[in-house]
Asks: 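Once you've had a glance at the structure underneath, I'll fire off some questions.
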Protein chains: 2
Amino acid sequence: MTDTPGLRERKKQRTRTAISEAAIALFLDRGFDRVSVAEIAEAAEVSKRTLFAYFPAKEDLVVHRFADHETEAARVVRARPPGTAPLDALRAHFLDALGRRDPFTGLNDSPAVRDLYRMLLATPALVARLGRFRTAAERGLAEALCETADASPLPARLAAAQLVAVHWVLTLDNAEALTAGQSADARHPAAREAAERAFALLARGLGDLS
Amino acid sequence: MTDTPGLRERKKQRTRTAISEAAIALFLDRGFDRVSVAEIAEAAEVSKRTLFAYFPAKEDLVVHRFADHETEAARVVRARPPGTAPLDALRAHFLDALGRRDPFTGLNDSPAVRDLYRMLLATPALVARLGRFRTAAERGLAEALCETADASPLPARLAAAQLVAVHWVLTLDNAEALTAGQSADARHPAAREAAERAFALLARGLGDLS
DNA sequence: GATATTTCTGCACCTGGTATACATGTAGTC
DNA sequence: GACTACATGTATACCAGGTGCAGAAATATC
C-alpha cells in the first residue's frame, strides 16, 4: 500500500522545492525584478538549465503555488450536494475559505503570505502570469457548468467569466486591505459582508444599476 | 483652424506607422514568435533603439491598436443619455458596434482584421498583453460607475468586472467563429442573439442556474 | 556489477530590452 | 541665412531570460 515514490522521484521533489524556496526568499528580500535566475540557481545549488527544466519561466517560480486553485471552482461545482445550485455551492465554499483564512481568498495575514501578495501585486509580470490561471479557471468552470448544470455552452462561459471575475475582485480587495496593514481577523467581517453582497449581485443581476 | 502639426510631429507619426505596419506584415507572414525585433527595425529602416522608443515592448507593436478601446466602456457610461441605466447604454453600444462590424466586437471579417485576430489568439504573449487592457478597462469602468451611477466602490468594481468579462467572452466567441471561416454577415444574427442573452443574464442574474 | 535511461551540467547561442555617448535634423531667433 | 537649443535617431556594447546540444553523473533494472 505504501508505495514509496522511489529515490529519483523524491529527489526531484526536493530539488523542486529547494529551487522554489530559494527563489521566493530572494524575491521577498530584494524584489522580483532585482533577482536574476542565475542567482537563484546558484542559491539552490543547481544549474540554470536545471532550473528551467523545473519551471518553464521565471514567473512560474512564484505562481506555481496557485496552480491547484486553477481547477478549484470546477471541482466545487462538480462536487456540490444534489439539489444545490452552483452559485450557492461556490458562495458557501468561498465563505468557508474565508473562515479558514485560505490564502486564495486574500485573507491570510501570515507574514509569508502577506509579503508574497504584496510582491505579486507590485509586479506586473506576475499579475500577467496569474491572468493565465484565471483564463484556465474560467474554461474549467464553464465545462463543469455545462456538464452538471443544464447550461448550454455560451451561458456557461458567460456565467463562468462572471464568477471568476467576481472571485478575483473579492480576493484582490482582501489582499489590498491586508497589505495595507489590517489583520485578517479585523478584516474578516467586512470580507464576509463583501462576499455576501457580491454573490447576491451575481444572483439577482445588475438590473438595479441606474 | 487647420493647425499643421509641424514637420517634426508628422515625421514621428509616419515613422510610427511605418514601424507598426512593417511589424504586422512580418508577423502575419511568419507568426509573432518567428520574427525578431531586429528584423522589424531593418524592414522599417530604423534602428532597434528607435523602435523601442516608439513601442515599449514587442507585443505593443500589435496591441497598441486596442489602446483606444481600453477607455471605451467608461466613455459610453459617462456619455449615456440621462435616465438611461449603464447596462442599457452598454448593451445598445455593443449591438450598434456589431452592426458597424466594429473590429472590437470580433465581428469583422476583412482579411486584415481576421488574420490579426487569428494571430492574436494563437499567441499567448499577446493574449497576456491584452489582459492588461482588460484590467485597465475594468478600473476605468468602475470609476465611471462610481461617479455617474450612485454605486459605492465595491459594487462598482464587481459590476465592472462582470461587464468586461462578458464583453470579452462575446468578442472571443465572434472572433472564433470568424477565424473558423464564417462570414461576418452570416454570424451577425447569432452574435446579436448571444449579446442579447448575455446582457439579459447580466441584468437578471445567475439565479436560474441550478 | 553491467547496462539502459533519466536527469543534470556546462557551454554556446539567440532574442528582447536598456545605457551610454554621439550624430543628425528641426524649430525658433537674430 | 547663420546660430543656438532641443528633440530625435544611431551605433555599440551590454544585461537577463530562455533554448539546443553533447556529454557527464546519477538512478533504475536485470
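Since we're looking at a predicted model, the values are computed, not measured.
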Asks: Quickly work out the B:I19 CD1 to C:dG16 C1' distance and round it to whole Å.
Replies: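 After rounding, the reported distance stands at 16 Å.
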Asks: Using atom CZ of A:F52 as one end and atom C1' of C:dT9 as the other, report the distance to the nearest whole Å.
Replies: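 In whole Å, C:dT9 C1' lies 15 Å from A:F52 CZ.
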Asks: Do the ring planes of B:F66 and B:Y117 sit parallel (below 30°), tilted (30 to 60°) or perpendicular (above 60°)?
Replies: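 It falls in the perpendicular class, over 60°.
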Asks: Report the distance from atom CZ of B:F55 to atom C1' of C:dT18, rounded to the nearest whole Å.
Replies: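 Atom CZ in B:F55 sits about 18 Å away from atom C1' in C:dT18.
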Asks: Does DNA chain C take part in any stems of at least 3 consecutive Watson-Crick or G-U pairs (both distances under 3.5 Å), and if so, which ones?
Replies: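 Counting only runs of 3 or more consecutive pairs, the stems involving DNA chain C are C:1-30 with D:1-30.
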Asks: In terms of side-chain geometry, is the basic nitrogen of B:D33 or B:K58 positioned less than 4.0 Å from the acidic oxygen of its partner?
Replies: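 No salt bridge links B:D33 with B:K58.
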Asks: Between atom CD in A:E45 and atom P in C:dG10, what is the gap in whole Å?
Replies: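 That distance rounds to 12 Å.
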Asks: Is the phosphate of C:dG17 approached by B:K48 (side-chain N or O, under 4.0 Å from OP1 or OP2)?
Replies: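 Answer no for this pair, as no side-chain N or O of B:K48 is under 4.0 Å from OP1 or OP2.
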Asks: Would you check, one step at a time, whether the test side-chain hydrogen bond (donor to acceptor under 3.5 Å, both in side chains) holds for B:T105 with B:R100?
Replies: CA-CA 9 Å; B:T105 60; B:R100 284 183 286 107; over 6 Å; no
Asks: So that I can tick it off, tell me whether B:E70 and B:R134 are bridged by a salt bridge, with the cut-off set at under 4.0 angstrom between side-chain N and carboxylate O.
Replies: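 Looking at B:R134 and B:E70, the cut-off is not met.
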Asks: In whole angstrom, give the distance that lies between atom CZ of B:R10 and atom C1' of C:dA27.
Replies: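 Between C1' of C:dA27 and CZ of B:R10: 13 Å.
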Asks: Check whether the ring centres of B:H64 and B:F55 lie less than 6.0 Å apart, and answer yes or no.
Replies: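 When the ring centroids of B:H64 and B:F55 are compared, they turn out to be within the sub-6.0 Å range.
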Asks: Look at the rings of B:H167 and B:F94 and say which category their plane angle falls in: under 30° parallel, 30 to 60° tilted, over 60° perpendicular.
Replies: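 B:H167 vs B:F94 ring planes: perpendicular.
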Asks: Quick check for you: name the first and last nucleotides of DNA chain D, 5' to 3', having an atom under 4.0 Å from a heavy atom of chain B.
Replies: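 The contact span of chain B on DNA chain D goes from D:dC6 to D:dA11.
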Asks: Starting at atom CZ of B:R49, determine the distance to atom P of C:dT20, rounded to an integer number of angstrom.
Replies: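 It works out to 10 Å between those atoms.
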Asks: Should the pair B:R80-B:D88 be classified as a salt bridge under the 4.0 Å nitrogen-to-oxygen rule?
Replies: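 The answer is no: the pair does not qualify as a salt bridge.
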Asks: Take the protein atom NZ of B:K58 and the nucleotide atom P of C:dC14, then report the distance between them rounded to whole Å.
Replies: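 The distance from NZ of B:K58 to P of C:dC14 comes to 16 Å, rounded to the nearest Å.
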Asks: So, OP1 or OP2 of C:dT7: does either fall under 4.0 Å of a side-chain N or O from A:Y54?
Replies: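 The answer is no; no side-chain N or O of A:Y54 sits under 4.0 Å from OP1 or OP2.
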Asks: Report which part of the nucleic acid B:A53 touches: base, sugar-phosphate, or nothing (heavy-atom distance under 4.0 Å, all strands).
Replies: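 Nothing, no heavy atom under 4.0 Å.
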Asks: Could you state the atom-to-atom distance from CD1 of B:I40 to C1' of C:dT15 in whole Å?
Replies: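 Distance check: B:I40 CD1 to C:dT15 C1' gives 12 Å.
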Asks: Output yes when B:D109 and B:R187 qualify as a salt bridge under the 4.0 Å nitrogen-oxygen rule, no when they do not.
Replies: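 Answer for the salt bridge query: no.
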Asks: Is B:S36 touching bases, backbone alone, or none of the nucleic acid, heavy atoms closer than 4.0 Å?
Replies: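 The residue B:S36 makes sugar-phosphate contact but no base contact.
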Asks: Enumerate the residue pairs fulfilling salt bridge (Lys or Arg N to Asp or Glu O under 4.0 Å) with a member in residues 37-55 of chain A, sequence neighbours excluded, ordered by first and then second residue.
Replies: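 As it turns out, the salt bridge (Lys or Arg N to Asp or Glu O under 4.0 Å) pairs with a partner in residues 37-55 of chain A, which skip direct neighbours, are A:R30-A:E39.
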